[in-house]
Amino acid sequence: MEKRSENKEPLKIYIHTFGCQMNENDSERIAGALIDQGAEFSPSPEESDLIIINTCAVREKSEEKLYSLLGRLESIKKRKGLKIAVVGCVAQLYRSRLIEKKPFIDFVIGPDNYREMKHIIADHFKEKIIATSWSQEWHEVSHPQIFRESHISAYVTIMEGCNNFCSYCIVPFTRGREKYRPMENIIGEVKYLAGKGYKETQLLGQNVNSYKDPETGMGFSGLLRKVNSIDGIEWIRFVTSHPKNFTIDIAKVMKESRKACHQLHLPVQSGSSSVLKAMNREYTREEYLEKISILRDLMPDISLSTDIIVGFPGETGKDYQETLSLLEKVRFSNIFSFRYSPRPLTAASLKKETVPFDQKKKRLIELQNYQKKLQLELNKSFLGRVIKVLCLGKSKKDPSLYSGRNEGYQVVNFKSEDNVIGHFVDVRIDSCGPYSLIGEVTQ
Ligand code: SAH
Ligand code: SF4
Ligand code: F3S
């Protein structure tokens with residue numbers, strides 16, 4: 001940002017974040033670095049000097065969200081003369097072409113270049129900047145600087161990038177190859193967070209199970225054991241796990257360590273082995289189900305969630321039925337499901353689309369309704385039970401209720417006479433819907 005003299009107003013920033021948890025954590029890092037330089041948050045884009053849009057390219061729809069926001073910001077920019085930075089995965093994907101397409105963008109900064117941001121803005125606030133280079137090294141961000149909105153649950157990035165090249169996925173092209181954060185720094189950050197009173201941490205990476213400490217070579221299960229030994233943090237979660245890298249050893253550490261939540265997001269993508277092969281996922285339906293069965297043997301209470309893509313090129317009606325039957329077999333507590341969206345640079349984008357748009361849409365709606373029914377059945381099994389919940393705030397829909405998550409990462413909305421935000425409470429569940437549990441704090 002500009003070197004602002006004493007009598008100058010602080011630079012006002014507004015950050016809009018699309019995409020995954022890693023993007024949210026990146027925005028916390030960007031905000032922290034700029035605030036450390038004297039910037040302040042602006043309550044609205046209109047009142048800001050610099051708008052930062054952190055973008056996602058994973059599906060066409062994610063990308064379109066950027067263009068529709070830019071459409072709204074263009075007129076504000078004309079009136080006010082503010083600066084616009086497009087950062088994140090769309091910035092990395094299109095680089096200079098983004099400015100050619102939308103000349104009113106001032107800065108295009110890819111995910112591996114955020115450390116440059118404060119310098120870029122300090123030195124060249126008046127020039128257009130494109131920073132989208134790659135580096136093999138891990139760049140540490142000073143953790144006291146990270147500006148986190150939550151004081152209860154914190155994201156901690158442990159690795160970045162992906163080497164898997166699933167045939168539909170753009171992430172390896174936007175985040176680059178895998179890089180691992182030194183374990184010492186991860187432990188340092190979690191200890192710092194524990195000292196600040198955080199109760200929960202979520203370890204983040206595109207492919208967390210392939211984590212390897214660059215100094216000692218220790219893997220993800222070793223890291224999990226170490227984080228488990230840090231006093232103060234009560235719950236540990238991690239995302240995302242690739243089924244091919246999720247080992248029995250990790251499952252055993254989850255079982256043995258007191259703090260690792262019995263909860264796992266394990267994206268399956270499809271229930272058909274032939275579609276999985278075309279997706280380059282490197283596991284079969286049977287291998288996936290075998291892992292689920294081992295997990296359930298070790299932790300009968302484990303709560304599982306997944307990602308599903310419908311309408312991948314070549315997906316037949318039978319393949320799709322296999323996905324439905326997998327949902328029925330596993331009984332996930334939550335799923336994220338998408339219509340296949342061809343993405344630039346990916347292997348699958350070269351294949352002919354075989355499932356017409358309307359058919360994809362129909363399959364997605366049917367699948368979501370089916371899962372809704374399964375979730376409602378699962379949630380009903382909680383009725384009358386008392387469960388431990390970490391209260392994260394007030395319910396957005398009904399501010400007379402508090403809201404939190406149980407160990408299984410299900411949303412729990414509940415009544416409480418006391419303000420219990422930031423605390424663990426026992427909640428008796430007395431009603432539910434497909435997407436949440438509802439209850440009251442017990443004494
Ligand atoms: N690293 C994670 C998540 C990657 S992106 C993983 O390996 O699972 C999150 C989800 O978006 C994916 O799990 C997948 O379900 C979905 N997705 C990715 N590319 C997609 C595409 N081209 N079309 C539709 N959904 C996609
Ligand atoms: Fe994408 Fe596959 Fe890597 Fe996940 S594992 S980020 S789906 S390429
Ligand atoms: Fe999207 Fe990039 Fe995350 S493409 S899902 S923001 S890694």
Side-chain angles (χ1 to χ4, degrees), residues 16-27 30 53-66 86-94 109-112 114 132 155 157-179 203-211 238-246 264-271 275-276 278-283 288 305-313 315 323 332 334-351 353 355 357 360-361 363-364 367-368:
H16 195 104
T17 307
F18 296 113
C20 61
Q21 292 99 325
M22 188 167 281
N23 260 18
E24 287 177 30
N25 191 223
D26 284 345
S27 290
I30 294 168
I53 314 170
N54 196 355
T55 58
C56 173
V58 79
R59 285 169 291 276
E60 201 180 350
K61 239 182 170 175
S62 331
E63 202 181 309
E64 278 163 7
K65 287 183 187 164
L66 164 68
V86 175
V87 310
C89 291
V90 181
Q92 186 64 43
L93 186 64
Y94 296 118
I109 300 169
D112 210 13
Y114 297 148
T132 51
Y155 294 131
T157 297
I158 66 163
M159 57 89 62
E160 242 207 282
C162 184
N163 298 346
N164 288 323
F165 292 91
C166 300
S167 62
Y168 52 81
C169 186
I170 204 165
V171 172
F173 303 98
T174 65
R175 291 275 174 177
R177 294 302 72 71
E178 292 182 4
K179 293 198 272 196
L203 307 177
L204 296 185
Q206 268 82 36
N207 198 15
V208 286
N209 303 145
S210 69
Y211 175 81
F238 50 89
V239 73
T240 299
S241 295
H242 193 301
K244 83 177 157 70
N245 297 114
F246 188 85
L264 185 67
H265 184 64
L266 200 60
V268 65
Q269 314 298 358
S270 168
V275 174
L276 288 171
M279 286 177 164
N280 191 29
R281 290 291 284 179
E282 294 185 41
Y283 55 85
Y288 183 88
S305 57
T306 203
D307 292 346
I308 303 279
I309 297 174
V310 296
F312 187 78
E315 184 188 75
T323 301
F332 295 101
N334 195 14
I335 68 162
F336 299 88
S337 49
F338 315 99
R339 274 193 312 262
Y340 167 69
S341 163
R343 303 306 291 137
L345 308 176
T346 62
S349 69
L350 304 175
K351 293 187 191 183
E353 283 217 65
V355 187
F357 181 82
K360 277 199 242 178
K361 210 166 145 183
R363 284 183 187 172
L364 185 66
L367 178 126
Q368 289 174 341

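These numbers come from the heavy atoms of this one structure, side chains and all, not from hydrogens, waters or symmetry mates. Both counts, for ligands and for their atoms, begin at 1 and track the order of listing.
Among protein heavy atoms, the minimum distance from atom 5 (S) of ligand 2 is reached at Asn164 ND2, 3.3 Å. In terms of protein heavy atoms, atom 1 (Fe) of ligand 2 is closest to Cys169 SG, 2.3 Å. Given atom 7 (S) of ligand 2, the protein heavy atom at minimum distance is Tyr168 OH, 3.3 Å. Given atom 22 (N) of ligand 1, the protein heavy atom at minimum distance is Ser341 O, 2.7 Å. Counting only heavy atoms of the protein, atom 13 (O) of ligand 1 lies nearest to Asp307 OD2, 2.6 Å.
The shortest distance between side-chain heavy atoms of Gln92 and Pro111 falls below 4.5 Å. Between Ile109 and Thr132, every side-chain heavy-atom pair lies at or beyond the 4.5 Å cut-off. Side-chain contact between Lys361 and Leu364 is absent, with no heavy atoms from C-beta onward closer than 4.5 Å. The shortest side-chain heavy-atom distance between Arg175 and Cys89 falls under the 4.5 Å cut-off.
Remark: the Tyr340 side chain and the Glu353 side chain contain no N/O donor-acceptor pair separated by less than 3.5 Å.
For ligand 3, the atoms lying closer than 4.0 Å to a non-hydrogen atom of Arg175 are 7 (S). For ligand 1, the atoms sitting less than 4.0 Å from at least one non-hydrogen atom of Arg339 are 23 (N), 24 (C), numbered in the order shown with element in parentheses. Against a heavy-atom cut-off of under 4.0 Å, Arg343 is close to the following atoms of ligand 1: 22 (N). Near Thr240, the atoms of ligand 1 lying under 4.0 angstrom from a non-hydrogen atom of the residue are 2 (C), 6 (C), 8 (O). The ligand atoms of ligand 1 that sit less than 4.0 angstrom from a heavy atom of Gln269 are 8 (O), 12 (C), 13 (O), 14 (C), 15 (O). Contact atoms of ligand 2 toward Cys162: 3 (Fe), 5 (S), 6 (S), 8 (S) (distance under 4.0 Å to a heavy atom of the residue). Set against the non-hydrogen atoms of Gln206, the atoms of ligand 1 under 4.0 Å away are 1 (N), 2 (C). Under a 4.0 Å criterion applied to the non-hydrogen atoms of Val171, ligand 2 contributes the atoms 6 (S). Interface of His242 with ligand 2, defined as ligand atoms under 4.0 Å from a residue heavy atom, comprises 5 (S). The atoms of ligand 2 that sit less than 4.0 Å from any heavy atom of Pro172 are 8 (S).
In summary, an N, O or S atom of Cys166 is located under 2.8 Å from atom 2 (Fe) of ligand 2.
The two residues Gly19 and Glu24 make their nearest non-hydrogen contact at O-OE2, 4.4 Å.
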Test log, rule side-chain hydrogen bond (donor to acceptor under 3.5 Å, both in side chains), inputs Glu63 and Tyr94: CA-CA 11 Å; Glu63 202 181 309; Tyr94 296 118; 3.1 Å; yes

| task | Determine, step by step, whether Ser337 and Gln368 satisfy the side-chain contact (heavy atoms from CB on, under 4.5 Å) criterion, reporting the C-alpha distance in whole Å, the side-chain angles of both residues, the deciding distance to 0.1 Å, and the verdict. | result | CA-CA 7 Å; Ser337 49; Gln368 289 174 341; 2.9 Å; yes

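Not one N or O on the side chain of Thr17 forms a donor-acceptor pair closer than 3.5 Å with the backbone of Asn54. At distances below 3.5 Å, not a single donor-acceptor pair connects side-chain atoms of Asp307 with backbone N or O atoms of Val268. A donor-acceptor distance shorter than 3.5 angstrom exists from the side chain of Asn23 to the backbone of Thr55, with no hydrogens or angles considered. Looking only at distances, no side-chain donor or acceptor of Thr240 sits under 3.5 Å from a matching main-chain atom of Asn207. The backbone N or O of Cys162 sits nowhere less than 3.5 Å from a side-chain atom of Glu178 that would complete a donor-acceptor pair. In this structure a side-chain-to-backbone donor-acceptor pair under 3.5 Å is missing from Tyr288 to Ser270. Looking at Arg177, its side chain does come within 3.5 Å of a backbone N or O of Pro172 through a donor-acceptor pair.
If you count the protein N, O or S atoms nearer to atom 1 (Fe) of ligand 3 than 2.8 Å, you get 1.
Residue contacts with ligand 3: Gln206 is included, with a non-hydrogen atom under 4.0 Å away. Using a 4.0 Å cutoff on heavy atoms, Val171 does not count as a contact of ligand 1. Using a 4.0 angstrom heavy-atom cutoff, Val58 counts as in contact with ligand 1.
With a 4.0 Å cut-off on non-hydrogen atoms, Arg281 touches ligand 2 through its side chain and not its backbone. Contact annotation for Pro267 and ligand 1: only side-chain heavy atoms (C-beta onward) come within less than 4.0 Å of the ligand. When non-hydrogen atoms are compared, ligand 2 lies under 4.0 Å from the backbone of Phe165 (N, CA, C, O) but not from its side chain. Of the heavy atoms in Tyr168, both backbone and side-chain atoms come closer than 4.0 Å to ligand 1. Residue contacts with ligand 1 for Arg281 involve side-chain atoms from C-beta outward but no N, CA, C or O (heavy atoms, distance under 4.0 Å).
Annotation: Phe173 is in aromatic contact with Phe165 [ring centroid separation under 6.0 Å]. A centroid separation of 6.0 Å or more is found between the aromatic rings of His265 and Phe238.
Counting only heavy atoms, the protein gets under 4.0 Å from atom 24 (C) of ligand 1.
In this view, Cys20 and Met22 satisfy the side-chain contact (heavy atoms from CB on, under 4.5 Å) rule, not counting sequence neighbours.
The option with the heavy atom closest to atom 16 (C) of ligand 1, from among His242, Lys61, Arg59, is Arg59.
For the pair Arg59 and Phe338, the cation sits on the ring face: its NZ or CZ lies under 6.0 Å from the ring centre, inside 45° of the axis.
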